[in-house]
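Below: the structure, in structure tokens.
Hydrogens, waters and symmetry mates play no part in the numbers below; they use all other heavy atoms, side chains included.
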Number of protein chains: 2
Amino acid sequence: MGRPAALSRERIISAAVVLAARAGVDQLTVRALGDELGCDPTALYRHFRNMEELHRAVGDHFLADVDVAPRPRESWRTAVRRLCRELRQAQLRQPRLAVFVRSAPTRLQNEVAITEALLRELAKGGFRAPAAARAYHALIEFTVGSATIDAALASQPVATREATYRTWRSDYAALPADEFPAIAAVASHLYQGSADRRFDDALDALLAGLESRRR
Amino acid sequence: MGRPAALSRERIISAAVVLAARAGVDQLTVRALGDELGCDPTALYRHFRNMEELHRAVGDHFLADVDVAPRPRESWRTAVRRLCRELRQAQLRQPRLAVFVRSAPTRLQNEVAITEALLRELAKGGFRAPAAARAYHALIEFTVGSATIDAALASQPVATREATYRTWRSDYAALPADEFPAIAAVASHLYQGSADRRFDDALDALLAGLESRRR
DNA sequence: CGCAGTTTGTCAACGGTGTTGACATCACGA
DNA sequence: TCGTGATGTCAACACCGTTGACAAACTGCG
């Protein structure tokens with residue numbers, strides 16, 4: 001009953017995704033969304049309580065890319081590593097939107113599914129409740145935090161990104177060796193290779209550490 | 001020459017620090033700062049080009065708090081842990097800046113000092129050049145990334161923050177146990193305690209993992 | 001001394017934001 | 001057929017950062 005809905009949460013969310021991808025996250029305002037949808041801006045408030053709720057929904061939207069289905073032949077460690085990698089890739093794929101899952105868990109469908117999958121695998125790996133919670137916090141903070149940092153560069157063309165890394169390396173290499181001996185000794189290895197590779201390395205180390213304090 | 005200055009960058013920055021501590025970062029507006037300083041809000045624009053520059057200045061103000069001096073009696077592990085903790089705290093005190101991902105080619109002096117200190121301690125801990133670089137990347141990505149995530153909440157008043165954590169926990173606890181068994185088993189431990197504590201736990205795990213792959 | 005120049009603070013105003021409450025419109029169930 | 005409730009529109013509010021014109025207060029110079 002009631003007036004037939006021209007809008008819906010889904011239509012609004014996809015319009016928000018399009019708009020943010022085209023004009024940037026800063027332009028994701030209630031008025032710009034109204035323009036994009038061809039309706040009055042305040043109509044959105046019939047579908048979302050406020051802007052923050054919409055932001056959470058948009059953030060959750062692109063978490064749908066993470067495949068959370070259990071894979072019987074997969075070890076818990078491989079599964080956790082894969083889940084974190086896919087979560088990272090989902091965030092890097094939409095760098096301008098990654099900002100919305102940054103500061104708070106959305107506690108929406110897809111985010112909950114990822115949480116369940118991670119905790120499921122940790123339980124399979126023998127983590128008791130408190131240790132599982134600690135490991136979950138560590139993995140999520142690291143994965144999402146690192147993605148937040150890398151997103152800005154990941155959205156650049158490869159050439160630009162490589163140039164940036166080269167600049168960083170040479171900046172460190174240019175520092176006076178007598179004043180910064182430790183940097184001088186390592187400079188050529190800093191920001192070498194891809195950010196994904198560095199993420200994998202760090203994730204492996206973190207997993208090893210978590211595994212050693214499983215209980 | 002000119003009218004005698006009642007304001008100064010320093011006065012404004014410390015007023016901003018007080019205001020943000022009392023009312024939260026969201027209340028760090030040009031008008032609220034004017035009230036705090038007892039002057040017209042737009043007077044601030046005589047000392048800062050815009051609000052972002054003020055935020056950066058507030059950030060730099062706190063970044064100086066990280067003590068990078070070597071402490072002879074301190075083990076490399078303790079030192080690394082302390083450096084990361086202090087870096088985190090400095091970032092949490094500058095939430096607006098922590099959220100703002102800078103890939104500026106000109107590294108700040110304090111940033112370089114922190115890098116040198118971390119690499120110095122890692123070298124002391126027996127990390128060869130490539131492993132030291134990997135460990136540094138992991139520690140920085142985790143520390144800064146995690147701080148970026150936590151900054152928004154850390155800047156809120158304690159009561160607000162606790163209420164938020166309670167909401168998160170109860171949201172997870174309210175999920176149907178048959179559909180999300182792994183969450184149900186762990187829900188009461190999720191987002192328990194302080195974010196600082198969770199950071200410490202994760203940092204310890206990461207350090208343990210890094211130590212085990214020191215070469 | 002008086003005038004010019006410079007710095008600094010004040011004021012009004014602009015365009016932007018999220019949000020609210022009153023109103024109009026339309027479809028469905030009683 | 002007639003409400004009733006859902007939906008969209010509209011005007012308005014309070015807030016935000018920022019700007020340009022103006023006033024005040026000091027220094028340096030003639």
Rounded to whole Å, please give me the gap between CG in A/Asp35 and C1' in C/dG16. 14 Å
Quick one: B/Met51 CE to D/dT18 P, roughly how many Å, whole number? 7 Å
Starting from the 5' end of DNA chain C, give me the residue, A/Ala32 or A/Arg46, whose nearest nucleotide shows up first. A/Ala32
Where each residue is assigned the nucleotide of DNA chain C containing its nearest heavy atom, which of B/Arg31 and B/Leu7 is assigned the position nearer the 5′ end? B/Leu7
A/His47 vs D/dG8: side-chain N/O to OP1/OP2 distance below 4.0 Å: yes
List the residues meeting ring-ring contact (aromatic ring centres under 6.0 Å, His included) with [X], not counting sequence neighbours, and say none if there are none.
| X | result |
| --- | --- |
| A/Tyr165 | A/Trp168 |
| A/His137 | B/Tyr191 |
| B/Phe180 | none |
| A/His61 | none |

Results of salt bridge (charged side-chain N to carboxylate O under 4.0 Å, His left out) for B/Glu36 - residues two or more places apart only: B/Arg22
Do any of residues 37-44 of chain A sit with a heavy atom less than 4.0 Å from DNA chain D, and if so which? A/Cys39, A/Asp40, A/Thr42, A/Ala43
Are the side chain of B/Gln91 and the backbone of B/Val144 linked by a donor-acceptor contact shorter than 3.5 Å? no
[X]: which residues meet the side-chain contact (heavy atoms from CB on, under 4.5 Å) condition with it, sequence neighbours left out?
| X | value |
| --- | --- |
| B/Ser8 | B/Glu10, B/Arg11 |
| B/Thr78 | B/Glu74, B/Ser75 |
| A/Arg213 | B/Arg77, B/Asp204, B/Ala205, B/Ala208 |

By side-chain hydrogen bond (donor to acceptor under 3.5 Å, both in side chains) - contacts of B/Asp67 (at least two apart): B/Arg71
Using 4.0 Å as the upper bound for N to carboxylate O, is an ion pair formed by A/Glu53 and A/Arg56? no
With a 4.0 Å heavy-atom cut-off, tell me which residues in residues 11-20 of chain B come close to DNA chain C, sorted by residue number. none
Check every atom of D/dC16, C/dG18, D/dT19 against the side chain of B/Tyr45 and return the nucleotide holding the closest atom. D/dT19
For the helix from C/dC1-D/dG30 to C/dA30-D/dT1, figure out the bend between the end axes, five pairs an end, and round to 10 degrees. 20°
